Structure formats: structure tokens, C-alpha cells
Amino acid sequence: MYLTKDEEKILDGEKGEVYRKALQTIVKVGEVLGADRLIDIAHAHVSGVSYYNIGEAGYKFIEHLYLKGAKTSVFSTFNPVGMDLDLSFIADIDSFFAERQRKIVEMLLKMGFQESLTCTPYLIRPPVKGEHLAWSESSAVGMANTYYGAYTNREAGPLALFSSLVGKTYYAGLHIPDERTPTIRVSLSVERLFAVDESVASAVGYLIGQIVKDGIPYIQLKYRPSFDAVKAYTAAAGATGSIALSYIEGLTPDYHKFSDYKLEKISIDDKDVQDILCEYDTSYEDIEAIFIGCPHASLEEIIYVYELVKLCEDKKQRPTIIVSTSRWVYTYLDKIGLLEGLKKLDINVIKDTCPIVSPVFRSKFKKIATVSGKAYFYLPRQQSQPTILLPKKKLSEILCGRQ
Ligand code: F3S
């Protein structure tokens, strides 16, 4: 691999052992993937920071870097952790866990990371078309490539952390324009709903992930999808498959280059979507909790739930409502006075964490309903939590008892 003089100096240990190791690892991974050089990145985003997921081994890894004086050299953010650092549900966290988790966050902040604690880093710093990133949260990677037209592979957490230190990644995979060609064309019979309804976008992503696996789908679409629909789609497609880039017609930068490109075709129809969505499930009475916010909820998603519940404020009993979001959105909610209103309606807004990366939610409810395909995929697998993927139109029925 060709290396610049500065990169060689780092490999010679001029900046210290921790940077030498970081760069050496990136070079080795790059060589395996056929990279001929390294490139600068504009933003690193690191997953794998919940003590619940990484345990003592992950803690020691971060502690080692911290004690060796590692500092970020580019704009760097990190994922949700295992608990809300300030409040909600915290009583259920044991003190050793809480201490370890707080320490992880403290070390990352001292290393120069932004106080992000979110899987929606694009809301903190929206990527620019064509810029290179090293991101390791699959849902965020999907958004970066698909919505913003930035270039990132789906990195492992430790590698993205190394990239945050040296500000570089290897030039291979989705960093190379020629490697970003779609592999399959997808037609949808639910185009209009895909564009506006996160649960339908989730179901489509869930199916495409299963079918296309690590390919690059080109989705034919007549309607421009909402931001939240794309967020739900990319998260689900990255959960059931390893999809890091999709072309959505009319939305993804450069999609027009491939409008007439000859590709194998598949179609997803109403029946496929209905089979994933719990359309005809009659056991809604088992639902003990509704979960919104995987990936972390946007302001619009939270306002939607707020307005819905407000309509039937007087209803005595409804499932526990959990909304997970970023600190940035949470602070904004507070600033505009909506946080208080949400609390009054018993809408539990948690920040910093989510039900999938926190021990608090393990097997907590008889059944959770969610409109997120990613949560529908992971809650049963990681939290032994029975979960259904709920059509968004059913939310009002469950929260307000109305059709
Ligand atoms: Fe984010 Fe947790 Fe879902 S980290 S993408 S809300 S699994």
C-alpha cells in the first residue's frame, strides 16, 4: 500500500504507540480488502460503547486507549450507551454497571468525542455528498450513503475508533465510486406508503435486507420519501442484511446514473409487506409497551406521538410508551417546552440509550409493539423480548382505542 511520509512517520511510532497500532490495523484491514492507499475522513462514528454489549473486554480496550493518551483527530461521535445517564429507568441499573458505563462515556469525552450518545450522528453533523467517513453504526451508515450521498463502509466499532484517532481509513469498498454500482432493481406495489409510513418502509427494508443481503438495491419510486421513512428503511435493511447503500429513485444523489442500468429485478408487493407487518393480529391486548425511536426518534416522530396521545388524553389505560432519542432532540424538546407536556401524558422519553442496548429492557414486557423493523429484528434476539412490527395506522387504535 502506498503511504504518505506522514503516515509512515506514524507507523514508525513518532506519534506514539497507540497511533502506530491504530494506523497499522487500518492498513492491515485495507490490504486484505485490496486498498492501495489511505484517505482522510471528515467524521468518525463509533458503535459498541454500551457496557451491556461490550462488557469488561470492551471497557478495557477503551480504557487502554484512554490511558495511553489517545485523542481524536477528526470530528467524532459515538453511539447510544447502556443507560440514560441522567434519569429514566435508572433505578433498574446496578451500580457497578452504571459506574462502568459512566466511565466509558467520560473517557470518550476526554478523548475528544462529541457528547453525542446517538445512532443518528447525521442530525448532529449532516454528511456532505461525496465526503469520506468511517462510521460503524449500520443504520447510520445506510443513511450516510443513501440519503446524503457520503462515502462510508460499514466499519467494525474498534476500527472506526482507530479512524477517529488518525483521521483516516482505507480506500476500498464503498469509498470507490465504481464499487457503488447497484446490483438489483426493486419495484414496490406500496410505493406511496413506503414514502410516508415508517412501518411500511421498515417492512420493505426488512425484506430487502433478507433478499439482497450485502448487495446494493435500486428502489424504483415515484414519490419522494420522508426523512423518517428513509431512516426506518435503511435501519431495517442493515439489520436483516448488510446493506450499506441503497439507491432510492428521486432521492439518493447520483441515482439518475443508474435509472436505465440493466439489472436483475425483484418486486415486493402488498402481501409481502402485510406478512411482516402485524396487520391482522388480533392479540393487541397483550401489548404492554409501544416503542418508538429505533434509530433514535426525530423531533417529527416525537411530535406525532405527542399529538396522537393528546387527542385521547382522558383515556385511562394504555401501554407504556417509550421513545428513545438523542440528547440533541431531547434538549430541544426541553427548550420548546414539549418535554413537560410529554411527561404529563406519560410518554417516557429516554435519551443516551435505547431498549436494545440497555439491560433495563431485557424481557421486561409481555409484548412490545414497534414501528421499527430494526427493533423488531433485534428485540427478540438480544433482549428475549416478544415483539411485533405494528402498522403505523394501528398506533391510534392502540394508544387511543380508536380505529
Ligand atoms: Fe439506535 Fe438502538 Fe436502534 S442504537 S439504531 S435505537 S438499536
Side-chain angles (χ1 to χ4, degrees), residues 45-54 58 77-85 88-89 101 104-105 108 113 116-124 135-147 152 154-157 160 198-199 201-202 205-206 209 227-244 289-299 301-302 305 321-330 348-362 364 368-385 387 389:
H45 179 74
V46 175
S47 61
V49 288
S50 160
Y51 187 67
Y52 184 51
N53 298 130
I54 62 176
T77 46
F78 63 95
N79 241 19
V81 297
M83 63 189 209
D84 184 321
L85 292 186
S88 305
F89 297 96
Q101 189 62 79
I104 288 172
V105 172
L108 290 170
F113 280 83
S116 51
L117 298 105
T118 185
C119 45
T120 54
Y122 39 83
L123 294 179
I124 298 173
W135 282 16
S136 68
E137 158 57 42
S138 64
S139 64
V141 166
M143 280 299 276
N145 286 310
T146 304
Y147 191 87
T152 177
R154 187 171 153 152
E155 297 298 354
E198 294 91 294
S199 62
S202 278
Y206 197 96
F227 178 86
D228 289 323
V230 183
K231 179 160 83 73
Y233 161 76
T234 52
T240 57
S242 319
I243 294 176
I290 300 279
F291 168 45
I292 309 284
C294 174
H296 272 172
S298 65
L299 189 61
E301 286 173 299
I302 297 175
V305 177
I321 308 170
I322 303 159
V323 178
S324 63
T325 193
S326 64
R327 284 189 162 212
W328 298 68
V329 170
Y330 189 90
N348 301 287
V349 182
I350 54 169
K351 57 173 174 53
D352 304 339
T353 187
C354 81
I356 291 123
V357 301
S358 170
V360 170
F361 296 90
R362 188 163 184 83
K364 193 173 172 78
I368 284 194
T370 179
V371 293
S372 158
K374 179 168 179 177
Y376 172 59
F377 182 79
Y378 280 116
L379 278 171
R381 287 166 174 82
Q382 289 199 0
Q383 300 284 42
S384 305
Q385 172 60 66
T387 305
L389 183 59

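Both counts, for ligands and for their atoms, begin at 1 and track the order of listing. Here the structure is a predicted model, which is why all the values come from computation and not from measurement. Keep in mind that the numbers below use all heavy atoms, side chains included, and drop hydrogens, waters and symmetry copies.
- Using a non-hydrogen distance threshold of 4.0 Å, Ser372 does not register as a contact of ligand 1.
- Remark: side-chain polar atoms of Asp84 are paired, donor with acceptor, to backbone N or O of Lys351 under 3.5 angstrom.
- Considering Gln382, Arg381, Gln383 as possible partners of Leu379, the one that fulfils the side-chain contact (heavy atoms from CB on, under 4.5 Å) test is Gln383.
- Atom numbering of ligand 1 starts at 1 in the shown order; those under 4.0 Å from a heavy atom of Glu137 are 5 (S).
- Note on atom 2 (Fe) of ligand 1: protein N/O/S atoms under 2.8 Å are Cys354 SG.
- Going from atom CZ of Phe291 over to atom OG1 of Thr387 covers 10.0 Å, rounded to the nearest 0.5 Å.
- In this structure, Tyr376 and Tyr206 have tilted ring planes: the angle between them lies in the 30° to 60° band.
- Side-chain atoms of Ser298 and Asp228, non-hydrogen and from C-beta on, do get closer than 4.5 Å to each other.
- With ring centers used as reference points, Tyr147 lies under 6.0 Å from Phe227.
- Of the possible polar contacts, one joining the Ser50 side chain to the Tyr52 backbone as a donor-acceptor pair under 3.5 Å is found.
- Per-residue contacts place Ser139 under 4.0 angstrom from the following atoms of ligand 1 (heavy atoms of the residue considered): 5 (S).
- The contact set between ligand 1 and Gly293, taken as ligand atoms under 4.0 Å from a residue heavy atom, comprises 6 (S).
- Here the options are Asn53, Ile54, Val105, the test is side-chain contact (heavy atoms from CB on, under 4.5 Å), and the partner is Val81; only Val105 passes.
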